[in-house]
Amino acid sequence: METETAVKGRRSIRRFKPKPVPEEIVRDIVNTARWSPSWGNTQPWELYVVTGEALERFKKANRRKCLHGEAPASDIAMPEVWPETLKKRYVEVGKKVLTSLSISREDVEARNEYYGEMFALFGAPCMILVCLSKSLHMEYAMLDVGLLMQTVCLLAHDRGLGTCILAGSVRYPGLLRELLSIPEDRVVVIGTAMGYPDWAAPVNHFERERAELDEFVTWVS
Ligand SMILES: Cc1cc2nc3c(=O)[nH]c(=O)nc-3n(C[C@H](O)[C@H](O)[C@H](O)COP(=O)(O)O)c2cc1C
C-alpha cells in the first residue's frame, strides 16, 4: 500500500469481527514496527500481545469496572480540560460516534452500554499493550511509544486489519498488572485494540475531520 493511502485510509475501528488474528500476522507487524524511531535508538517500549482467554478475561473485567463506575486510576494522567478549540473537536468526534450508533444524548442506558463496549475493546480479538520502565524520562519515552503505535496501526491497516488506540484500555492498570503479571516498576501506557473491522457497522464509516493547515502551521522563510 502507498504510504499516503495508508496514512489517510487508517481510521479508528470501533466494531471488530470476532475472527482471531493469526499470531504470525501480529508477529510480522511488530517485527516491522520495531524499526520505528526512538530517542537515541533506546527503544524503551515493552509490549504485551494479549489474545485468547487472557484477553477475554480482561475485556470482561474492564467492562465491569467501567459499568460499575469504578474511579479511573490510569498510570498516565488523563486530560480533563482542553483549550476551547480542542475541546470542540473532542466533543464533535464523540457526537459523531454516538450519532452513527443512533444513540441520542439523553439515552443514558445506551450510552453506558456503548462505553461498556469500548472498555471491552469493541470486540477486538487482540490487544497490543505498551509499558515503560518507571525509571525513564517519561515525556520523551511517550513520544517513542506514539511513534511505535502509529507504525503498528499503519502496518495493521496495510494487512486489512483495523486498530483503535484506547485510553479506555488502561484506565484500570491494576487489572492488567494482575492478569499479565506486569511488574510494579513498569508504567502501563496504552493499549491498542486490533482485529478485522466489521465494515457493516456504521460506526466504522462516519466522516472524520481534521483542522486545516492554516489552523496549526506557521510558515517561516
Ligand atoms: C492516545 C489515544 C487514546 C485514544 N483513546 C480512545 C478511547 O479511549 N476511545 C476511543 O473510542 N478512541 C480513542 N482514541 C481514538 C481517537 O478518538 C481517534 O484517533 C481520533 O478521533 C481520530 O480519529 P481516527 O483515528 O479515526 O483518524 C484514542 C487515540 C489516541 C491517540
Side-chain angles (χ1 to χ4, degrees), residues 1 3-16 33 36 45 47 58-59 62-63 65-67 70-82 85-101 103 110-124 127-132 138-158 161-173 175-176 187-195 197-199 201-212 215-216:
M1 194 184 279
T3 309
E4 187 162 340
T5 310
V7 170
K8 287 189 182 161
R10 180 220 56 83
R11 61 176 294 145
S12 293
I13 293 301
R14 295 186 175 85
R15 173 96 316 255
F16 293 89
S36 304
W45 41 70
L47 305 191
F58 167 68
K59 291 196 284 196
N62 201 42
R63 178 176 184 276
K65 278 184 189 285
C66 163
L67 293 181
E70 192 166 314
S74 318
D75 286 354
I76 306 287
M78 297 212 180
E80 279 166 22
V81 287
W82 291 268
T85 321
L86 276 64
K87 186 170 176 192
K88 218 169 133 225
R89 293 175 191 151
Y90 177 70
V91 169
E92 199 51 46
V93 75
K95 270 193 210 159
K96 285 201 174 206
V97 167
L98 293 180
T99 304
S100 76
L101 292 162
I103 298 174
R111 258 179 31 211
N112 283 342
E113 190 49 44
Y114 166 72
Y115 294 134
E117 279 288 291
M118 177 158 81
F119 279 70
L121 312 185
F122 302 124
M127 171 173 72
I128 300 186
L129 180 75
V130 191
C131 295
L132 288 170
M138 214 38 74
E139 285 85 346
Y140 268 97
M142 292 290 282
L143 286 179
D144 300 339
V145 170
L147 290 163
L148 178 80
M149 284 327 299
Q150 167 72 341
T151 306
V152 163
C153 292
L154 291 174
L155 290 166
H157 178 62
D158 186 42
L161 289 163
T163 52
C164 192
I165 300 174
L166 275 171
S169 66
V170 291
R171 216 160 160 183
Y172 308 110
L175 203 54
L176 290 160
V187 179
V188 176
V189 179
I190 195 81
T192 295
M194 184 187 282
D198 179 353
W199 289 120
V203 74
N204 290 334
H205 289 284
F206 66 83
E207 200 177 322
R208 297 165 306 139
E209 288 174 22
R210 290 297 192 264
E212 296 300 329
E215 295 178 64
F216 68 99

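Residue numbers start at 1 and run along the sequence shown. Order of listing sets the numbers, starting from 1, for every ligand and every atom in it. For the numbers below, each heavy atom of this structure counts, side chains included, while hydrogens, waters and symmetry mates do not.
The side-chain contact (heavy atoms from CB on, under 4.5 Å) check on V97 picks up R14, L101, Y114, V203, F206, with sequence neighbours excluded.
For the side chain to side chain contact (heavy atoms under 4.5 Å, CB included) criterion with T192, the lone passing option out of S12, C153, C164, S169 is C153.
We find that E215 and R210 are not joined by a salt bridge, their nearest charged nitrogen and carboxylate oxygen being 4.0 Å or further apart. E4 has a carboxylate O that lies under 4.0 Å from a charged side-chain N of K8, or vice versa, which qualifies the two as a salt bridge.
Of the possible polar contacts, one joining the N204 side chain to the R15 backbone as a donor-acceptor pair under 3.5 Å is found.
Residues R10 and Q150 have side chains in contact (heavy-atom distance under 4.5 Å, counting atoms from C-beta outward).
Protein residues with a heavy atom under 4.0 Å from ligand 1 are R10, R11, S12, R14, V93, M118, F122, C164, I165, L166, A167, G168, R208, R210.
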